[in-house]
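Here's the structure we're looking at; comments come further down.
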Amino acid sequence: MNEDRDYREPEEVDEPEPEGWQVPGKEKFDWKKEIWEWVKIIVSAAAIALILNTFIIANSQVPSGSMENTIMTNDRVIGSRLSYLFEEPERGDVVIFRFPDNEKIYYVKRVVGLPGETVDIYDGHVYLNGSETPFEEPYLREPMIPEEPMHFEVPEGCYLMLGDNRNYSADARVWQNTYVKKEKIIAKVLFRYFPKIGRIK
């Protein structure tokens, strides 16, 4: 074996550091900056929630069983404030509105009588515009208990609201101010979100 070969240890070559490169170090935590970032996030979220609740959606809790089984006691529902900007409420819509006897309170009921219509209730059924055929209401919890005949003439720009749990609903049949003006309708109910999610029809 030839041991006279030249042998050299590899040389260490210092490479130039990239321009602007620095050895990473531990940055000092800035509490003021962190708190300010959180304040901005919270304020932004609050502003978005305010805009949504004021102009786009209405959030309501139904404290009674007047709309069962469509909406159960203590269900929370979401309604669209935009629904009636470009169209009129329709019969069968479930809506959030200001209670005509105390407008500080929001109620949730179903639209049954439209502007200019007549509504008669007798023998446990609803009759529209003098029809001899009862109006079909598949959403009712149970058949209506017959009561004294009632006759309603819905004024223009107003609606007649009744509950789906008709036998246990304090609705237009007993209010002092029977009809709900269109401008007092806040939103069309779209779905339930608590305690379970479901579409409202």
Side-chain angles (χ1 to χ4, degrees), residues 58-80 83-84 87-201:
N59 176 14
S60 184
Q61 181 180 10
V62 181
S64 72
S66 66
M67 284 298 293
E68 293 180 359
N69 288 327
T70 305
I71 303 172
M72 305 303 290
T73 304
N74 291 324
D75 276 1
R76 292 184 177 273
V77 297
I78 289 289
S80 169
S83 293
Y84 300 131
E87 60 184 37
E88 299 298 314
E90 296 181 357
R91 193 185 336 275
D93 287 355
V94 177
V95 297
I96 301 170
F97 57 93
R98 293 186 182 277
F99 176 38
D101 289 347
N102 182 354
E103 294 189 356
K104 294 180 180 179
I105 302 174
Y106 285 179
Y107 265 28
V108 176
K109 303 289 181 189
R110 191 179 294 272
V111 176
V112 173
L114 302 179
E117 292 188 333
T118 61
V119 178
D120 289 282
I121 302 176
Y122 59 89
D123 294 335
H125 296 286
V126 170
Y127 297 84
L128 302 174
N129 302 314
S131 172
E132 296 182 356
T133 303
F135 173 54
E136 292 187 11
E137 298 184 278
Y139 42 75
L140 291 186
R141 179 176 179 175
E142 59 189 5
M144 290 177 60
I145 297 173
E147 52 190 346
E148 288 296 317
M150 299 181 181
H151 176 75
F152 302 95
E153 296 181 6
V154 187
E156 291 297 331
C158 296
Y159 297 83
L160 183 76
M161 308 292 189
L162 299 175
D164 287 0
N165 191 5
R166 199 67 51 82
N167 296 325
Y168 299 94
S169 175
D171 49 36
R173 295 169 295 169
V174 297
W175 297 342
Q176 291 182 348
N177 297 285
T178 306
Y179 307 103
V180 177
K181 297 178 181 178
K182 185 190 174 184
E183 59 266 28
K184 302 302 179 180
I185 297 177
I186 305 300
K188 178 181 179 179
V189 176
L190 301 179
F191 63 89
R192 173 198 306 107
Y193 71 91
F194 180 86
K196 59 183 180 179
I197 297 176
R199 187 179 173 190
I200 301 298
K201 295 181 181 180

Closest approach of [X] and [Y], non-hydrogen atoms and distance?
X	Y	result
Tyr139	Thr70	O-OG1, 4.0 Å
Trp175	Pro100	CE3-CG, 3.6 Å
Lys109	Leu162	CB-O, 3.7 Å
Tyr179	Val154	CE2-CA, 3.9 Å
Glu137	Arg166	OE2-NH2, 2.8 Å
Met161	Ile185	CE-CD1, 3.9 Å

Inter-residue atom distance [X].[atom1] - [Y].[atom2], 0.5 Å rounding:
X	Y	atom1	atom2	result
Glu153	Thr178	CD	OG1	11.5 Å
Asp164	Ile200	CG	CD1	9.5 Å
Asn165	Glu68	CG	CD	6.0 Å

Examine distances only and state if a side-chain atom of Arg91 and a backbone atom of Val112 form a donor-acceptor pair shorter than 3.5 Å. yes
Sequence neighbours excluded and cut-off under 3.5 Å, please list the side-chain donor-acceptor pairs for residues 123-136, or say none.
from, atom 1, to, atom 2, distance (Å)
Asn129, OD1, Thr118, N, 3.1
Ser131, OG, Thr133, N, 3.0
Ser131, OG, Thr133, O, 3.2

Taking atom types as modelled, find out whether Asp171 and Tyr107 have a side-chain donor-acceptor pair closer than 3.5 angstrom. no
So do [Y] and [X] actually touch side chain to side chain, heavy atoms under 4.5 Å?
X	Y	answer
Asn167	Met144	yes
Thr73	Pro63	no
Ser66	Tyr168	no
Arg173	Phe152	yes
Tyr84	Asp93	yes
Met150	Tyr122	no
Pro89	Lys182	yes

Checking side chain to side chain contact (heavy atoms under 4.5 Å, CB included) against Val94, which of Met67, Lys201, Lys188 comes through? Met67
Is there a side chain to side chain contact (heavy atoms under 4.5 Å, CB included) between Phe191 and Val77 once you walk through the steps? CA-CA 6 Å; Phe191 63 89; Val77 297; over 6 Å; no
